[in-house]
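One structure is given here, and the rest of the page talks about it.
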Protein chains: 2
Amino acid sequence: MSVPGDAGAAGEARGPAPQVGTAGRILQAALASFAGRGYDSTSLDALAAGLDVRKQTILYWFPSKEALLEAVVDQCASELSTVLEASLHRAGDGWGKVEAVVRSVFRLAARRPEVLGLVRETGRLGPPASTRFLAALGPLVDGASAFLEAEMDAGHLRRHEPRLLLVAIYSTVIGMLTEVEVLRALGEEPTARSLVRRRRELLDLLRSALVASGPEGEP
Amino acid sequence: MSVPGDAGAAGEARGPAPQVGTAGRILQAALASFAGRGYDSTSLDALAAGLDVRKQTILYWFPSKEALLEAVVDQCASELSTVLEASLHRAGDGWGKVEAVVRSVFRLAARRPEVLGLVRETGRLGPPASTRFLAALGPLVDGASAFLEAEMDAGHLRRHEPRLLLVAIYSTVIGMLTEVEVLRALGEEPTARSLVRRRRELLDLLRSALVASGPEGEP
DNA sequence: CGAGCCATCTACCATATGGTAGACAGGCGC
DNA sequence: GCGCCTGTCTACCATATGGTAGATGGCTCG
């Protein structure tokens, strides 16, 4: 039985994770708006209007606008973690693993573009949203960094500073997926076809950048 | 003699470009806040407080908050254009030119980080801010795309789709320069030393990605 | 010296916004 | 059938926000 928003665990709707019913609808609507319009440009009244309820209903399930943001951030971090973990467990060697991760993020973007949009918005918002999000991804990032370093040591990948490499990959992936205005200006409408092209180009670039050519890194 | 904000050319302070005096101070403060906190999170009262004036003074020089944003966008587009044009006119061949452009953007970031911060904010804001900004950079982007294609045709750079390559480079550069929270989470504080490391890593990555190894592209 | 202009301010406006308190209808259990 | 709980609503609050109108002091010019 669902329980309404109240003092308690900060940032959480009461009771079980609200994926269904009104609380679930509120989360989805908030995600879409926070990702698309921005957190500060989203009012509770506007959000409520889109859901055909009053803002008091939102405040019944989430004690404040900030608590709603925290719940949305947690949900996105969870979805992204799940996707990244699944792909990390499947692929084997250096480049294969990087490729698997990038492909899985693009698949997530195809069916849930607002998740990547929210990722980019947390970067802009700064603490505590970004801190919460990055903390949730922390273990994965640490694992990714260690993995990259090991692969570079083994000669499977070109030598780079692993953590800066992760920032570069993150920036490029998020930009290719969410910089809608820049993409449009360069002739790329946000279509499924364009997504395929962008994924191909990005993978080509990353592969050229990461896979050493010659004897020790022949592709 | 300076002229106050009024109906007229939208988005412009009256009279000559206000780089000095109160209007200039307003522009700088607005740039810093729009880039750092975001346009929607910046109130005219807060901006005025920082300048030790009243918001009516801001509205004397710029007819509206949106007009102020337009003026800030124009100024940033101008600064970035100047920097990009200068570097494009100096370097010669394929990779050398790309490197020169990236280095010049990093130099701009070292002394005027808020300019790059505003670039990223315009991407988030969408039209009309992003349209205005991208229109101002349009000729440069067209030239860059044509240049990249010619260098690929000549075998100086690996074959990629030029416009998507520009999006990728843009995303990576802006991310490496402005994703402060992600950088911090990975151990990179926004220091001058870190900027040097980031520039080196980024240039290494781009070089590996763009410069073909082997007979036709030996570096 | 007085008039006019410029740049800043005070006072005020209308609307937006996040949030609180309690009313109310429906459903469920005793 | 009644009492209680849940979930939604109305009414209201205090503050924030972008903007307008006119006051005011200082400066310049005739």
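Side chains included, hydrogens not; waters and symmetry mates left out as well; all remaining heavy atoms used. Every chain is numbered from 1, with letters handed out A, B, ... down the list of sequences. Owing to the predicted nature of the structure, the values given are computational and were not obtained by experimental measurement.
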* Asked: Between B:Arg197 and B:Glu188, is there a salt bridge with N-O shorter than 4.0 Å?
  -> yes
* Does B:Glu179 use its side chain to pair, donor to acceptor, with the backbone of A:Val167 at less than 3.5 Å? -> no
* To do: Take the protein atom CG of B:Leu68 and the nucleotide atom P of D:dG18, then report the distance between them rounded to whole Å.
  => 11 Å
* **Minimum-distance nucleotide to B:Leu59 side chain [options: D:dG18, C:dA7, D:dT20]** => D:dT20
* Structure fact -> Out of D:dG19, D:dC9, C:dT10, minimum distance to the side chain of A:Thr57 belongs to D:dC9
* Whole Å only: how far is the CD atom of A:Gln56 from the P atom of C:dG18? -> 12 Å
* Sidechain N-carboxylate O distance under 4.0 Å for B:Asp40, B:Arg124 -> yes
* Structure fact -> note: A:Phe62, atom CZ; C:dG18, atom C1'; distance rounded to Å ~ 16 Å
* Return the nearest nucleotide to the side chain of A:Ser43; candidates are C:dG18, C:dA21, D:dG19. => C:dG18
* Structure fact -> Whole-Å distance, A:Asp40 CG to C:dA16 P, equals 18 Å
* What is the distance, rounded to the nearest whole Å, between atom CH2 of B:Trp61 and atom P of D:dT20? -> 18 Å
* Where the side chain of A:Lys65 is concerned, which of C:dT8, C:dG19, D:dG19 is the nearest nucleotide? -> C:dG19
* A:Leu44 has an atom CG; how far is it from atom P of D:dT8, in whole Å? -> 15 Å
* To do: Name the residue closer to the 5' end of DNA chain C, choosing between B:Thr22 and A:Ser41 according to the nucleotide with the nearest heavy atom.
  => B:Thr22
* To do: Using atom CG of B:Leu51 as one end and atom C1' of C:dT8 as the other, report the distance to the nearest whole Å.
  => 13 Å
* Structure fact -> Separation of C:dG19 atom C1' from A:Ile58 atom CD1, nearest Å, is 12 Å
* Side-chain ion pair, B:Glu70 and B:Arg132, N-O less than 4.0 Å -> yes
* **Under the side chain to side chain contact (heavy atoms under 4.5 Å, CB included) test, residues paired with B:Ala77 that sit two or more places apart** => B:Phe133, B:Ala136, B:Leu137
* **Closest to the B:Tyr60 side chain, choosing from D:dT6, C:dG18, C:dA7** => C:dA7
* Asked: Is there a donor and acceptor pair closer than 3.5 Å between the side chain of A:Lys55 and the base of C:dG18?
  -> yes
